[in-house]
Amino acid sequence: MAEYNFREIEQKWQGYWKEKGTFKAEVDTNRPKFYSLDMFPYPSGAGLHVGHPLGYIASDIVSRFKMLKGFNVLHPMGYDSFGLPAEQYAIQTGQHPAITTEQNITRYTEQLKNIGFAFDWDREVRTSDPSYYKWTQWIFMQLFKSYYDLDADKALSIESLVSRFEKEGNAKVKAVCDDDTPTFSAADWNAFSEKEKQEILLKYRLTFLAETTVNWCPALGTVLSNDEVKDGFSERGGHPVERKKMMQWSMRITAYADRLLQGLEKVDWSEPIKEMQRNWIGKSIGAEVLFDVKGSDKKIKVFTTRVDTIFGVTYLALAPESDLAAELVTDDQRETAEPYIQVAKNRSERERMSDVKTISGAFTGSYAINPFNGEEIQIWVADYVLAGYGTGAVMAVPAHDERDYNFAKHFGLEIRQVIEGSMENGSFPGKGGLIINSGFISGLYMQDAMNKCIEFLEEKGIGKGKIQFRMRDAIFTRQRYWGEPLPVYFKDGLPYLIDEKDLPLVLPEVDKYLPTEDGEPPLGRAKDWTYKTAEGEYPLELSTMPGWAGSSWYFFRYMDPKNDSVFADKGKTDYWGAVDLYIGGSEHATGHLLYSRFWTKFLYDLGVVSINEPFQKMINQGMIQGRSNFVYRIKGSNTFVSYGLKDQYDTSAMHVDVNIVHNDQLNLEKFKAWRPDLADAEFILEDGKYLCGSEVEKMSKSKYNVVNPDDIIERYGADTLRLYEMFLGPLEQFKPWNTNGIDGVYKFLRKVWNLYHTNTGEFVVSDEKASKEELKALHKALKKMEEDMANYSFNTSVSSFMICVNELTALKCNKREVLEPLAILISPYAPHIAEELWSLLGQAESITDATFPEFKEEYLVESNFEYPVMINGKMRAKLDLPLSLSVPEIEKSALADATVQKWLEGKAPKKVIIVPGKIVNLVV
Ligand code: ANZ
C-alpha cells in the first residue's frame with residue numbers, strides 16, 4: 001500500500017476490533033480498573049452532528065490511553081431511548097415509537113462505529129427495552145417499600161416502620177414525611193383500617209402519590225419537571241406551561257438533600273456545576289414562627305432566616321395561591337384583593353420570580369399579632385411570596401430585606417430599622433449585625449440574637465429552629481405513552497405494587513398515542529390494562545415514568561447488562577465502582593446529575609451497591625457551535641456578489657449550506673443545484689472566486705450550518721475527524737466548527753504515514769540506533785502527552801504531535817526505535833492509522849495491548865553545546881562539544897579543529913580563556 005488510504009485502513013481495523021472483541025471488558029481483579037463513561041444519547045431522528053461526538057472522542061482518548069497504561073477499562077455506550085420526540089412523531093404519523101426508536105438507534109450506532117470508538121458494544125443498554133426497564137421498575141418498587149429514617153440517616157424498609165408503629169405509634173419516629181402527618185399511638189395504629197394504614201404509609205414512602213401543584217403543559221399533554229420549563233414555556237417545543245393541582249407520583253428526593261449537598265465535597269467536578277447543585281438544593285438555616293390572626297383562631301406560619309429582625313416586622317405577606325390568603329380577605333377589602341389574587345395565582349412562580357420589576361399585591365384587611373411584642377400588623381398578599389417555598393408566608397422586614405423594602409415603598413408601609421445599617425441607606429440586610437431597639441435582644445449580635453429568639457419560640461411553643469431546602473420532591477409521572485409503566489395497581493383508590501415476579505410490566509399496545517376522550521393518559525386506551533390477583537382484577541396506573549428514570553441508574557447496568565436476576569451483580573458493581581471519568585453536557589447539572597446521585601445513595605442504603613457517589617470525576621464539554629456561511633443577493637435580482645464586493649451594492653445576506661462551501665469559497669455548480677430558484681443564479685466574483693461571509697451561530701438545520709460527521713469521515717477519515725475535534729480548542733470551551741483547518745490535520749496524518757514510507761510508498765524502517773535529536777523530539781511529545789492526560793487537555797497534545805512529526809520529518813527519521821513508540825503515542829487519538837503502522841512494524845497484536853512508552857528526562861536535557869570560538873575577538877568557528885568535557889579537554893578539541901587551525905596559521909595561542917558551556921576565547 002503506497003498512499004495513506006484511510007478508507008481501507010479504517011474499515012479494516014473497525015472490522016478487526018469487532019471480530020477480535022478488542023474492547024470487551026471483563027472483571028479482572030489483577031488489574032486496576034478505569035470506568036470511562038459518556039452521557040448516553042437520546043437517539044433523535046436527525047442523527048449525530050459533529051458536536052455530538054466531541055465528548056465521546058475525548059473519553060475515548062482517555063480510555064485508550066488508560067489501556068496503554070495497563071488499566072482494565074470499561075467504556076460502554078447505550079441509548080436513553082424513551083422520550084417525547086419519538087412519541088410526538090408517533091402522534092403525527094401513527095408509527096409506533098418503538099419502530100422510530102429502533103431506526104434512530106441503528107443510524108446512531110452506525111455513525112458511532114464509523115468514528116472508531118473503543119466501546120464494548122456487547123454492553124449496550126437501551127432504557128426502552130423491557131429487559132432494562134424491568135429494573136427501573138424494580139428500583140421504583142424498592143423506593144415505594146422504603147422510608148427515610150432521620151435517626152439512622154438512611155432509607156429503611158416500610159416493614160420496619162410498620163412494626164414500630166405497631167409497638168409505639170409514630171411520636172418517637174424521626175422520619176421524613178408529609179407535613180400533615182398526624183401523630184398516633186400504637187393503639188391508634190392497630191385500630192386503623194387497612195385503607196387508613198395505607199394512607200399514612202404513603203406519607204412516608206420514598207415514592208408516593210399525592211396532590212401536587214405541577215407544571216402542566218396542555219400542548220404536550222403532560223406534566224413537566226422544573227428543569228424542563230424555561231421562563232414559563234416548555235424546553236421542548238416552547239409551549240406555554242400552567243400551574244395545576246393533580247394527583248402525581250413524587251420521589252422524596254428532599255430526604256436526601258443534606259447528603260446530596262455533602263457528597264459534592266467528595267467529587268471532582270467543576271465548581272460552577274457544584275454551585276448550581278448547591279443553589280438548587282438551597283439549604284437555608286432559620287426558624288419558623290407562628291403568628292396569631294387577630295380575632296380568629298387561624299394562625300400564620302412563616303419561615304425566616306433572620307428571626308433576629310422580628311422587632312422590625314411591619315407586615316406579613318402570603319403567597320397568592322395559599323388558601324389562607326383568600327380566607328383572610330375581609331368584606332371591605334374584597335373588591336381589590338380578590339381580583340388581584342385571581343390574576344396573581346395564574347402566573348407561574350417562575351414568571352413571578354423572573355419579573356422583579358412589577359410590584360403587586362393587596363391588603364387582605366386582616367391583622368396578625370407579633371408574638372414578640374404583641375403588635376398588630378397588616379396581612380398582605382404579595383406576588384413575591386412563593387407558595388412552594390418555606391411556608392408560603394413571610395414576615396416582612398422592609399428595613400433589612402430588599403424585596404420587603406421595595407414592596408413597602410410601593411405601598412407606603414412602615415420601614416422600621418432594628419439593626420445597624422439599613423436598606424434606606426443602601427446597606428445590605430443586617431450588615432454589622434448589631435441589634436438595636438429590639439426588646440430583649442437589643443445590643444446582641446445577629447447569631448446570639450437569633451439563638452435567643454429561637455429559645456423564646458420553643459419555650460412558648462410558637463416556633464422552632466428550622467432547616468429549609470429550596471429543592472422540592474421530584475414529580476415522577478408523565479401522562480404520556482413512551483415511558484416505563486409504573487408497576488402499580490389500585491385497590492379501593494389506593495396504590496399497591498404488583499408482584500416482583502410479574503416484572504417487567506410491559507408497555508401495552510394502544511390504538512393512538514393521544515389522551516383518551518376523558519383526558520386520561522394514552523395508557524387508558526390499552527385493552528386489559530389491569531392486574532389480576534387472587535382477590536380480583538384491578539386497574540393499573542395509567543401514567544408512565546419521566547425521562548430521567550432510566551438514566552438515573554444506567555451506569556450500574558453497564559457493569560452487568562444481561563443479568564436477569566438482579567439489576568447488576570454486586571461483585572461486578574464492587575469491582576467497577578464509581579465512574580472514574582464522566583463526560584457530558586452541563587445542561588444536566590440539576591436534572592440527571594441530581595437524580596442519579598439520589599438513586600445511587602438510595603441503592604447504597606439498600607446495601608445493593610457499595611458506592612455513595614456515582615461520578616467521581618466529571619468534565620462538561622463545551623458546545624460546538626455552527627459556523628454559518630452567507631451569500632449576498634443584490635436586492636430584487638438573482639445575482640450574488642462575493643463577500644469583498646458586497647458593500648458596493650444593495651444586498652441582503654442569505655444563509656447558504658456550509659456543505660457546498662470550502663474554505664469560504666462557494667462551489668457555484670453545487671449552489672445552482674441546491675435549490676430550483678437558484679438554477680439561473682448569476683455571480684459577481686472577486687479574483688475569479690465567490691467568497692462567502694461567515695458567522696458563529698447555534699448549529700441548526702434552519703441555519704444550514706449542520707455538519708455531519710459522516711461527510712467528514714467520507715472525505716478525510718475518522719482519524720482526521722477525531723484529531724480535528726480535539727484540535728479545535730479546550731474541551732470545556734464553547735467553540736465554532738470551522739472546517740477551514742481540517743486540511744492541515746489531514747496533512748499531518750499523511751506526514752505521519754510518510755515517516756514510515758519512502759517516496760515511492762514502500763514501508764521502510766531502519767533498525768539503526770536513533771540519534772539524540774530524534775529521541776528528543778519523541779520524548780518531548782511523550783512527556784507532553786502524560787501532562788496533558790493528567791489535565792484532560794487534548795488540543796495541546798495534538799499540537800505537540802505536530803511538532804514532533806515535523807521535527808522527525810526534518811531529521812528524515814525512519815528508525816524503529818522512534819517510530820514504534822510514535823505509533824503508540826498517537827494511537828489514542830488516531831487509532832486506525834496507528835494500528836495499521838503497528839502491524840506494518842511487524843506486531844501481531846492490536847496496538848491497544850502495547851504499553852505506553854515511558855518518557856526519559858535524560859533525552860530532554862541538552863547534552864551538547866555549540867561553542868563559539870573567538871580568535872582575537874572575532875568569531876571564527878563553532879564547535880559542537882559534549883557539556884561533560886573538562887577545560888583542558890575543551891582546549892584540546894578546539895586546537896585540533898581544522899577551521900581553528902586554519903585561523904591560527906600554525907601559531908600557538910598566547911592566551912586561552914574557556915568558560916565551560918559558554919565560550920572559547922583564543923588570543924594569538
Ligand atoms: C425576614 C427577613 C429579614 C428575611 C431579613 C430576610 C432578611 P432563603 O435564604 O432563600 O432561604 N422568604 C421566606 N419564605 C419565602 C417565600 N415563600 N417566598 C419568598 N420569600 C420568602 O430566604 C429566606 C428568606 O426569604 C426569609 O427570611 C424570608 O424573608 C423570605 F432582613 O424573613 B426573611
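Given the structure is predicted, the values throughout are model-derived calculations rather than measurements. Numbering of residues begins at 1 and proceeds along the displayed sequence. Numbering of ligands and ligand atoms starts at 1, following listing order.
When atom types are taken as modelled, the side chain of Gln479 and the backbone of Glu520 share no donor-acceptor pair closer than 3.5 angstrom. Side-chain atoms of Ser366 never come within 3.5 Å of backbone atoms of Ile379 as a donor-acceptor pair (strictly under, hydrogens ignored). When atom types are taken as modelled, the side chain of Thr207 and the backbone of Phe140 share no donor-acceptor pair closer than 3.5 angstrom. Not a single donor-acceptor pair under 3.5 Å links the side chain of Asp404 to the backbone N or O of Ile415.
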Exercise for the section: Test side-chain contact (heavy atoms from CB on, under 4.5 Å) on Arg306 and Ile419 and set out the steps. Expected result: CA-CA 11 Å; Arg306 296 299 306 274; Ile419 315 177; 3.3 Å; yes
Exercise for the section: Could you check Phe555 against Tyr582 for ring-ring contact (aromatic ring centres under 6.0 Å, His included), going step by step and ending with a plain yes or no? Expected result: CA-CA 10 Å; Phe555 39 93; Tyr582 197 26; 7.4 Å; no
Handout entry: side-chain contact (heavy atoms from CB on, under 4.5 Å) evaluation trace for Lys601 with Glu613
Key = CA-CA 7 Å; Lys601 288 180 191 301; Glu613 281 295 335; 2.8 Å; yes
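At least one N or O atom of Thr305 sits closer than 3.5 Å to an N or O atom of ligand 1. Taking any N or O of Arg470, backbone or side chain, at least one lies under 3.5 Å from an N or O belonging to ligand 1. In terms of N/O distances under 3.5 Å, ligand 1 is not approached by Asp404.
Residue Val385 approaches ligand 1 through these ligand atoms, each under 4.0 Å from one of its heavy atoms: 16 (C), 17 (N), 18 (N), 19 (C). Per-residue contacts place Arg306 under 4.0 angstrom from the following atoms of ligand 1 (heavy atoms of the residue considered): 2 (C), 3 (C), 5 (C), 6 (C), 7 (C). Remark: ligand 1 atoms within the under-4.0 Å shell around heavy atoms of Thr309 are 3 (C), 31 (F). Every atom of ligand 1 is numbered from 1 in the order shown, and the set under 4.0 Å from a heavy atom of Asp401 is 4 (C), 5 (C), 6 (C), 7 (C). Of all the atoms in ligand 1, the ones that sit under 4.0 Å from a non-hydrogen atom of Arg403 are 20 (N), 25 (O), 30 (C).
Of the listed options Val302, Val394, Thr304, Ile310, Val394 places a heavy atom closest to atom 21 (C) of ligand 1. In this comparison of Phe469, Phe303, Tyr384, the heavy atom closest to atom 19 (C) of ligand 1 sits on Tyr384.
Ser284 counts as a contact of ligand 1, since one of its heavy atoms falls under 4.0 Å from the ligand.
Of the heavy atoms in Gln468, none comes closer than 4.0 Å to ligand 1.
Seen from the ring of Tyr389, Arg470 counts as a face-on cation partner, given the 6.0 Å and 45° thresholds.
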